[in-house]
Amino acid sequence: MFISIAVLFASLLMACHREKPKPLARSFDRFLYPEDLQGVVPAGITGNDSIQLVKAYVEQWLRQQALLYYAQRNISINTKRLEAQVEEYKNGLIVYEYEQALVSQKLDTVVTETEVRNYYATRGELFMLKQPILKVSYIRLHTDAPELDRVKRLFLSTNFEEQDLLEKYCARYATEYSLRDTTWRYAHDLVKKLPLSRIGEENYSRTGRIFEIIENNELYLIILHDSKFRDTRSPLSLVYDNIRNLILNKRKIDLVDQMQKSIVADARKKNNIEIYN
């Protein structure tokens with residue numbers, strides 16, 4: 001049914017000189033026509049995908065119209081109140097679109113590192129950790145992987161050549177590894193790939209040593225390089241992007257507020273708005 005609907009829809013849209021096409025669907029006394037489907041199928045979507053989009057739209061239209069029909073006949077509607085709400089909503093959308101256009105044109109989106117650091121320094125209470133964070137290196141191996149004692153020695157080494165040897169070893173034998181990542185990670189995220197529960201949060205401060213854990217016939221070698229606990233201040237690097245967004249959002253609010261005050265002040269100055277006693 002909907003294949004024929006989609007074909008009919010496409011052919012009728014391309015033949016504007018013809019008479020008004022037959023409806024595609026009916027719900028009580030309302031009809032859905034091919035021209036009502038313009039924009040339903042985005043450009044580039046063809047074949048079965050376009051058919052499914054048309055089908056979903058028609059089903060949604062039928063459902064909405066049926067519900068509307070029964071709602072109008074089974075409840076008492078305060079038409080004036082409803083019209084006032086629609087008008088208020090429409091006006092709100094118009095003002096919102098204007099504000100968004102203003103923000104797009106006028107907002108300064110350059111946030112300097114100094115601004116971020118100052119925000120961080122003066123609002124430290126906003127950036128207290130709610131869970132531990134860690135800097136971690138790890139190697140995940142099969143338990144029968146070769147030269148494990150040598151691997152552990154290389155893992156603890158800071159010598160560049162030995163680190164390079166370990167990298168080559170991991171590329172060949174490890175199922176997963178991360179050797180030089182200095183990024184702070186939330187423990188909640190790390191536990192999804194590493195058996196941190198076997199280490200225990202009480203041991204997160206034991207940095208610089210190898211934790212060896214065997215789980216599901218795999219060996220995990222884990223080094224905790226640094227750790228911070230809940231209720232301590234988050235490092236700047238972890239919240240840098242969040243602070244930048246907070247600064248930009250504050251600028252948006254200030255810009256819109258300034259615009260609103262300026263418009264109202266100008267309208268008062270020109271006697272375009274007034275309050276009657």
Side-chain angles (χ1 to χ4, degrees), residues 1-109 189 192 241-242 244-264 266-267 270 272-273 275:
M1 172 184 175
F2 284 101
I3 293 178
S4 60
I5 288 175
V7 173
L8 177 62
F9 165 57
S11 62
L12 290 173
L13 284 180
M14 293 185 294
C16 297
H17 60 280
R18 299 179 183 176
E19 297 180 359
K20 188 173 182 179
K22 294 181 179 179
L24 301 178
R26 180 184 66 83
S27 179
F28 297 94
D29 57 349
R30 293 181 181 271
F31 296 87
L32 181 71
Y33 292 94
E35 60 265 29
D36 298 325
L37 297 176
Q38 293 189 53
V40 171
V41 180
I45 303 297
T46 59
N48 189 61
D49 289 339
S50 65
I51 293 171
Q52 293 303 316
L53 286 174
V54 171
K55 178 179 178 180
Y57 182 87
V58 173
E59 288 288 353
Q60 176 61 27
W61 182 87
L62 290 170
R63 184 183 303 111
Q64 184 180 44
Q65 295 303 319
L67 290 171
L68 181 61
Y69 179 88
Y70 277 91
Q72 290 174 333
R73 284 155 180 78
N74 288 281
I75 62 171
S76 177
I77 300 174
N78 186 327
T79 305
K80 289 185 178 181
R81 181 174 62 84
L82 184 61
E83 289 176 350
Q85 289 177 331
V86 171
E87 183 70 14
E88 183 178 354
Y89 180 68
K90 183 186 74 172
N91 292 341
L93 286 178
I94 293 172
V95 171
Y96 175 79
E97 290 294 327
Y98 175 69
E99 291 174 347
Q100 291 303 108
L102 179 74
V103 167
S104 178
Q105 295 170 9
K106 303 291 186 180
L107 182 67
D108 178 10
T109 58
D189 294 329
K192 297 174 184 177
D241 289 340
N242 185 34
R244 182 180 181 279
N245 290 333
L246 287 171
I247 293 172
L248 285 176
N249 189 58
K250 178 65 164 56
R251 287 183 187 175
K252 289 179 184 178
I253 293 172
D254 290 345
L255 180 62
V256 170
D257 183 62
Q258 182 183 8
M259 175 272 294
Q260 292 175 350
K261 290 178 179 178
S262 177
I263 288 176
V264 173
D266 183 67
K270 296 177 179 177
N272 289 321
I273 59 175
I275 298 175

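For reference, positions follow the sequence shown, starting with 1.
Listed by chain and residue number, nothing satisfies the salt bridge (charged side-chain N to carboxylate O under 4.0 Å, His left out) test with K106 (two or more places apart in sequence, or in another chain).
When ring centroids are compared, F28 and Y70 come within the 6.0 Å threshold.
Between L24 and Y33, every side-chain heavy-atom pair lies at or beyond the 4.5 Å cut-off. Residues K252 and V256 fail the side-chain proximity criterion, which asks for heavy atoms closer than 4.5 Å. Under the 4.5 Å side-chain criterion, counting only non-hydrogen atoms from C-beta, V54 is in contact with V58. At a threshold of 4.5 Å between non-hydrogen side-chain atoms, the residues M259 and L255 do not count as touching. Counting heavy atoms from C-beta outward, K192 and D189 have side chains that approach closer than 4.5 Å. Within the 4.5 Å cutoff, no side-chain heavy atoms of R30 are placed close to those of Y69. Put simply, the side chain of P23 does not reach to within 4.5 Å of the side chain of L32, judged on heavy atoms.
The nearest pair of heavy atoms linking P34 to K22 is CD-O, 3.6 Å. Shown here for G47 and S50, the closest heavy-atom pair between the two residues is O-OG, 2.7 Å. The minimum heavy-atom distance linking D108 with L248 is given by the pair O-CD2, 3.8 Å.
Annotation for Q260: atom CD counts as buried by contact number, over 12 foreign heavy atoms lying within 6.0 Å. Open room surrounds CD on Q258; 12 or fewer heavy atoms of other groups in view lie less than 6.0 Å from it.
For the atom pair CH2 (W61) and CZ (R26), the distance works out to 9.0 Å, reported to the nearest 0.5 Å.
Applying the salt bridge (Lys or Arg N to Asp or Glu O under 4.0 Å) definition to pairs two or more places apart or across chains, none involves residues 66-85. Evaluation of the salt bridge (Lys or Arg N to Asp or Glu O under 4.0 Å) test over residues 87-97, restricted to residues two or more places apart or in two chains, returns E87-K90.
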